[in-house]
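All remarks here apply to the structure that follows.
Bear in mind that the values here come from a model prediction, so they are computed numbers and not experimental data. Whatever order the structure lists ligands and atoms in, that order sets their numbers, starting from 1.
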Amino acid sequence: MNKIEDIDNHNLPSHLAIIMDGNGRWAKQKGRLRVFGHENGVKTVRSTVENCVKIGIEYLTLYTFSTENWNRPKYEVETLMRLLVSSLKKELATFNKNNIRLNTIGNIAALPEKAHNELLDVMEKTRENTGMTLTLALSYGSREEITSAVKAIAIKVKNNIISPEIIDETIINTHLYTHNLPDVDLLIRTSGEHRISNFLLWQIAYAELYFIDVFWPDFEEHHLVEAIKNYQNRERRFGKTSEQLT
Ligand code: IPE
Ligand code: IPE
Ligand code: MG
């Protein structure tokens with residue numbers, strides 16, 4: 001089985017993003033409630049974060065709760081928010097021990113006050129850490145992100161702060177939630193679904209996509225290592241020819 005030590009650390013994805021999917025089906029398969037899947041999904045978050053630190057990933061972004069997930073049953077949404085608060089409380093010490101800086105993307109003001117405050121607190125308490133940046137996408141939707149960027153830029157144009165001619169990709173980037181993150185290099189989605197579900201549409205323009213038919217609570221170190229090794233065997237051409245790269 002693949003181990004972290006097997007990874008060539010010269011060609012690592014700088015920014016790894018993960019769509020952590022399949023908690024509900026994992027629980028259903030076991031005859032349990034969906035929230036049992038989420039509880040076990042938290043354990044996978046913990047091990048994956050630690051493994052990414054060991055591997056030397058600089059930016060890890062986890063799709064934790066989408067704008068569309070608000071439409072789930074009230075009990076499930078409440079459980080997810082409760083798990084978020086309890087995990088943050090528990091993990092603060094580990095973040096500091098591992099030099100992890102916590103960051104968020106999404107409309108976090110839409111979260112329940114307790115979750116919002118806990119996030120702000122942990123972000124503040126890990127602000128000076130210089131190791132991996134762990135970004136949680138919470139109440140995040142890529143279309144919502146792009147819409148608010150367009151709105152903010154339009155207001156600046158209207159108020160003569162910028163002229164429309166200078167709007168370029170860099171200006172758009174600086175108005176996204178991800179303004180402080182590089183583009184995604186590798187995007188993993190668990191659970192066997194082959195879709196993006198409104199995640200980082202702009203930022204994955206040239207990401208390598210990796211889909212794995214394993215539910216999130218069953219995603220282990222060797223799956224992560226396999227995904228990274230697979231990434232390392234790909235040729236990222238960015239529109240050029242293969243010959244131009246050598
Ligand atoms: C991912 O697992 C967790 C969240 C979206 C919050 P799901 O809850 O989507 O599980 P499935 O896809 O229904 O199995
Ligand atoms: C995407 O998973 C959102 C998260 C993992 C947080 P979903 O389970 O919500 O996606 P769809 O609805 O199956 O596309
Ligand atoms: Mg799902």
- Item | Protein non-hydrogen atom below 4.0 angstrom of atom 8 (O) of ligand 2 present | yes

- Would you say Phe65 and ligand 1 have an N/O pair spaced under 3.5 Å apart? no

- For ligand 1, is there an atom lying under 4.0 Å from some heavy atom of Arg72? yes

- Task: Report whether Ile18 and Tyr177 are members of the same hydrophobic cluster (ILVMFWY, side-chain heavy atoms less than 4.5 Å apart, transitive linking).
- Result: no

- Residue-ligand contact Gly22/ligand 1, heavy atom below 4.0 Å: yes

- Which option, Asn69, Ile19, Asn23, owns the non-hydrogen atom nearest atom 2 (O) of ligand 1? Asn23

- Which N, O or S atom name in Asp21 marks its closest approach to the Mg ion (ligand 3)? OD1

- Classify the side-chain pair Thr67/Glu144 by whether it contains a donor and acceptor separated by less than 3.5 Å. no

- Task: May I ask whether His38 places a heavy atom under 4.0 Å from ligand 1?
- Result: yes

- What about Tyr63: any of its N or O atoms under 3.5 Å from an N or O on ligand 2? no

- Test item, Glu68 contacting ligand 2 (heavy atom, 4.0 angstrom): no

- Message: Pairs of nitrogen or oxygen atoms closer than 3.5 Å, one from Trp26 and one from ligand 1: do any exist?
- Response: no

- Message: When you compare ligand 1 with Gly24, is there at least one nitrogen or oxygen pair between them that comes in under 3.5 angstrom?
- Response: yes

- Item | Trp202 side chain reached by Glu169 side chain, heavy atoms, under 4.5 Å | yes

- Among the heavy atoms of Arg189, does any lie under 4.0 Å from an atom of ligand 2? yes

- Item | Under 4.0 Å to a heavy atom of Arg25 - the qualifying atoms of ligand 1, by number | 11 (P), 12 (O), 14 (O)

- Polar atom proximity, Arg195 to ligand 2 (N or O, under 3.5 Å): yes

- Task: Quickly, which of Ile7, Leu224, Val225 forms a side chain to side chain contact (heavy atoms under 4.5 Å, CB included) with Asn2? Name it, please.
- Result: Val225

